[in-house]
Amino acid sequence: MSDTEEGWCALTDASEVEEDDVVCVNLRGHAYAVFNIGGDYYVTDDCCTHQEASLSEGYVQDDTVECPRHQGVFHIPTGKAMGPPLTRPLRVHQARVDHGKVWVRVSE
Ligand code: FES
């Protein structure tokens, strides 16, 4: 399998994302946050929906991430904004793990 196939792109080696942690990966000019929650991988936009802040620099607790700027909290699997100051959900991308890599479905 190549690194790009039928709209899927390899973002990073799964082993690069420690359990209950997050890393930022830039692909085609877009910053993605790759989460490992208890061995399940999720890919969201890295940028907070409130203002400019990188969620990969935030605090992961259970299945939520707290933004480092104003402490807004998102539910990672659904992107739901859990309370103020957040009003808009986080974009969650289709993701899977295959051949040791985390893949994201990139919309054209
Ligand atoms: S920038 Fe993320 S909560 Fe304000």
Side-chain angles (χ1 to χ4, degrees):
M1 183 182 281
S2 69
D3 281 0
T4 305
E5 189 170 282
E6 294 175 2
W8 289 89
C9 290
L11 276 177
T12 184
D13 288 344
S15 60
E16 294 290 318
V17 193
E18 291 184 18
E19 193 160 319
D20 302 322
D21 204 357
V22 55
V23 299
C24 179
V25 179
N26 286 290
L27 178 74
R28 298 180 182 174
H30 190 86
Y32 295 91
V34 183
F35 295 88
N36 175 351
I37 308 299
D40 293 327
Y41 289 79
Y42 298 93
V43 177
T44 71
D45 283 348
D46 184 52
C47 188
C48 184
T49 60
H50 179 228
Q51 291 178 8
E52 286 287 318
S54 174
L55 294 173
S56 58
E57 294 172 13
Y59 176 62
V60 177
Q61 183 171 33
D62 299 328
D63 57 359
T64 64
V65 60
E66 182 185 86
C67 177
R69 189 153 179 200
H70 306 111
Q71 290 72 53
V73 175
F74 293 100
H75 181 238
I76 296 163
T78 61
K80 183 180 177 194
M82 305 293 282
L86 303 175
T87 56
R88 288 178 293 137
L90 184 64
R91 189 166 172 214
V92 181
H93 300 273
Q94 214 179 330
R96 70 169 201 245
V97 177
D98 198 2
H99 288 71
K101 292 179 185 264
V102 181
W103 297 74
V104 65
R105 184 146 217 177
V106 178
S107 33
E108 298 301 330

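Values in this document were obtained by computation on a predicted structure and should not be read as measured data. Excluded from the calculations below are hydrogen atoms, water molecules and symmetry mates; all remaining heavy atoms, backbone and side chain alike, are included. One-based numbering, in listed order, for ligands and for the atoms of each.
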Next on the checklist: Is there a side-chain contact between K101 and R96 in this structure, where contact means two heavy atoms from C-beta onward sitting under 4.5 Å apart?
Outcome noted: no

Checklist entry - If only atom types and distance count, is the side chain of N36 paired as donor or acceptor with the main-chain N or O of Y41 below 3.5 Å? => result no

Checklist entry - Applying the 4.5 Å side-chain criterion to the ILVMFWY set and letting contacts propagate, would V34 and V22 be lumped into a single cluster? => result no

Next on the checklist: Residues around ligand 1, heavy atom under 4.0 Å from any ligand atom, sorted by chain and number. Can you pull those?
Outcome noted: C48, H50, Q51, A53, C67, R69, H70, G72, P85, L86

Item to check | Side chain proximity check, W8 to V106, heavy atoms < 4.5 angstrom | outcome: no

Item to check | Non-neighbouring partners of D21 that pass salt bridge (charged side-chain N to carboxylate O under 4.0 Å, His left out), sequence neighbours left out | outcome: none

Checklist entry - Do V104 and Q94 come within less than 4.5 Å of each other through their side chains, counting heavy atoms only? => result no

